[in-house]
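Index from 1, following the sequence.
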Amino acid sequence: LGTTFLGFEVPRLKILYLALEDTPYRIADRLRKLAKGMGIDLDQLLPPANGGPDTVHYGDVTIVTAWSYLSEHGMGDLRATMDRDRPDVVIIDTFSRILGRGDQMDQQEMTRTMAALQRLAAEHQAAILLIDHHRKSARTSPDADPIDDIMGSTAKAGVVDCAMGLYRRHNQNEAKLKLSGRDFGDSELTIEWDPNAFCWN
């Protein structure tokens with residue numbers, strides 16, 4: 001939308017969102033709640049246009065709920081889509097869902113996969129945001145670390161420009177967003193989930 005998020009001005013960008021753990025119904029429901037919380041008439045601002053059974057377009061946002069595994073032809077499909085549509089940001093939710101038969105504990109394989117995604121982003125002057133899971137014990141640990149806590153091989157984090165970890169106790173609205181980045185070092189934000197506005201503040 002080109003608005004403010006967590007106190008930062010965010011430009012309006014072209015987005016490809018691979019929502020691989022969601023259904024079109026759930027995504028539409030979340031978008032309606034988010035738009036209502038922001039006081040936005042979503043249908044008026046971003047009229048939906050069908051793109052097939054697994055794809056919905058809202059203005060500059062394309063949401064896809066099914067994608068081929070990277071271990072099959074998903075990487076080639078992603079390159080072709082980025083060549084054609086030139087998104088500014090690609091969100092892959094989740095890495096485990098798109099990886100396929102890859103072994104997340106295999107350091108060489110994870111380095112190879114992450115490096116290929118990083119090259120793809122650099123070639124297209126885009127950001128690729130991978131949503132991943134923490135190891136189970138990380139959620140409530142006081143010394144939580146967004147790199148060490150990534151599920152699987154830490155080689156997954158060795159290539160990324162920034163790792164972000166969201167930490168909150170079960171059913172709690174307050175959370176910590178910890179960031180570890182090559183260009184800005186480490187930082188931490190205290191954030192709170194607003195169930196009425198359906199967003200983090």
Side-chain angles (χ1 to χ4, degrees), residues 1-13 15-40 42 58 61 63-65 88-99 104-105 110 114 117-118 121 126-201:
L1 296 173
T3 182
T4 302
F5 179 66
L6 299 182
F8 296 93
E9 290 297 320
V10 181
R12 181 169 181 154
L13 299 171
I15 309 293
L16 171 62
Y17 177 27
L18 307 185
L20 307 179
E21 291 192 341
D22 286 312
T23 62
Y25 174 82
R26 182 187 289 175
I27 290 166
D29 183 57
R30 286 179 177 172
L31 284 172
R32 278 193 296 272
K33 288 177 180 175
L34 180 60
K36 183 179 178 184
M38 296 174 72
I40 295 170
L42 188 65
Y58 274 93
V61 179
I63 303 169
V64 182
T65 56
D88 300 297
V89 179
V90 177
I91 302 167
I92 300 176
D93 185 4
T94 63
F95 181 70
S96 296
R97 283 291 177 101
I98 203 170
L99 184 60
Q104 296 197 46
M105 295 304 293
M110 287 303 97
M114 299 297 283
L117 288 167
Q118 187 186 47
I128 296 181
L129 174 63
L130 295 175
I131 310 298
D132 205 355
H133 294 288
H134 293 306
R135 53 187 171 78
K136 293 296 183 187
S137 60
R139 180 178 292 181
T140 58
S141 174
D143 57 347
D145 182 285
I147 291 177
D148 292 341
D149 294 335
I150 293 174
M151 187 175 70
S153 171
T154 53
K156 288 161 64 176
V159 179
V160 301
D161 295 314
C162 175
M164 296 179 280
L166 179 64
Y167 299 91
R168 73 167 170 169
R169 294 183 186 276
H170 189 63
N171 289 330
Q172 296 291 314
N173 287 336
E174 189 170 287
K176 297 282 185 188
L177 182 64
K178 296 189 175 190
L179 300 93
S180 181
R182 294 181 191 272
D183 299 319
F184 58 81
D186 296 344
S187 61
E188 183 177 303
L189 296 172
T190 299
I191 58 178
E192 187 169 355
W193 177 252
D194 183 342
N196 296 317
F198 206 69
C199 68
W200 292 98
N201 295 309

Can you give me the closest heavy-atom contact between [X] and [Y], atom names plus distance?
X: I63; Y: V61; value: CG1-CG1, 3.8 Å
X: F198; Y: L34; value: O-CD1, 3.3 Å
X: F5; Y: W200; value: CE1-O, 4.5 Å

**Minimum side-chain heavy-atom gap K178-Y167 below 4.5 Å** =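 Yes; the side chains approach each other to less than 4.5 Å.
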Can you tell me how far apart [atom1] ([X]) and [atom2] ([Y]) are? Round to the nearest 0.5 Å.
X: T190; Y: K176; atom1: OG1; atom2: NZ; answer: 3.0 Å
X: R12; Y: D88; atom1: CZ; atom2: CG; answer: 11.5 Å
X: D93; Y: L20; atom1: CG; atom2: CG; answer: 7.0 Å
X: L18; Y: L129; atom1: CG; atom2: CG; answer: 11.0 Å
X: L177; Y: I191; atom1: CG; atom2: CD1; answer: 5.0 Å
X: D29; Y: T23; atom1: CG; atom2: OG1; answer: 9.0 Å

**Message:** Evaluate I131 against E21 for side chain to side chain contact (heavy atoms under 4.5 Å, CB included), listing each step before the verdict.
**Reply:** CA-CA 11 Å; I131 310 298; E21 291 192 341; over 6 Å; no
**Request:** Take L99 and M110 through the test side chain to side chain contact (heavy atoms under 4.5 Å, CB included) and record every step on the way to the result.
**Result:** CA-CA 10 Å; L99 184 60; M110 287 303 97; 3.8 Å; yes
**Message:** Walk me through whether Y17 and D22 qualify under side chain to side chain contact (heavy atoms under 4.5 Å, CB included).
**Reply:** CA-CA 11 Å; Y17 177 27; D22 286 312; 4.1 Å; yes
**Request:** Would you check if the side chain of R182 reaches a backbone N or O of V160 as a donor-acceptor pair within less than 3.5 Å?
**Result:** yes
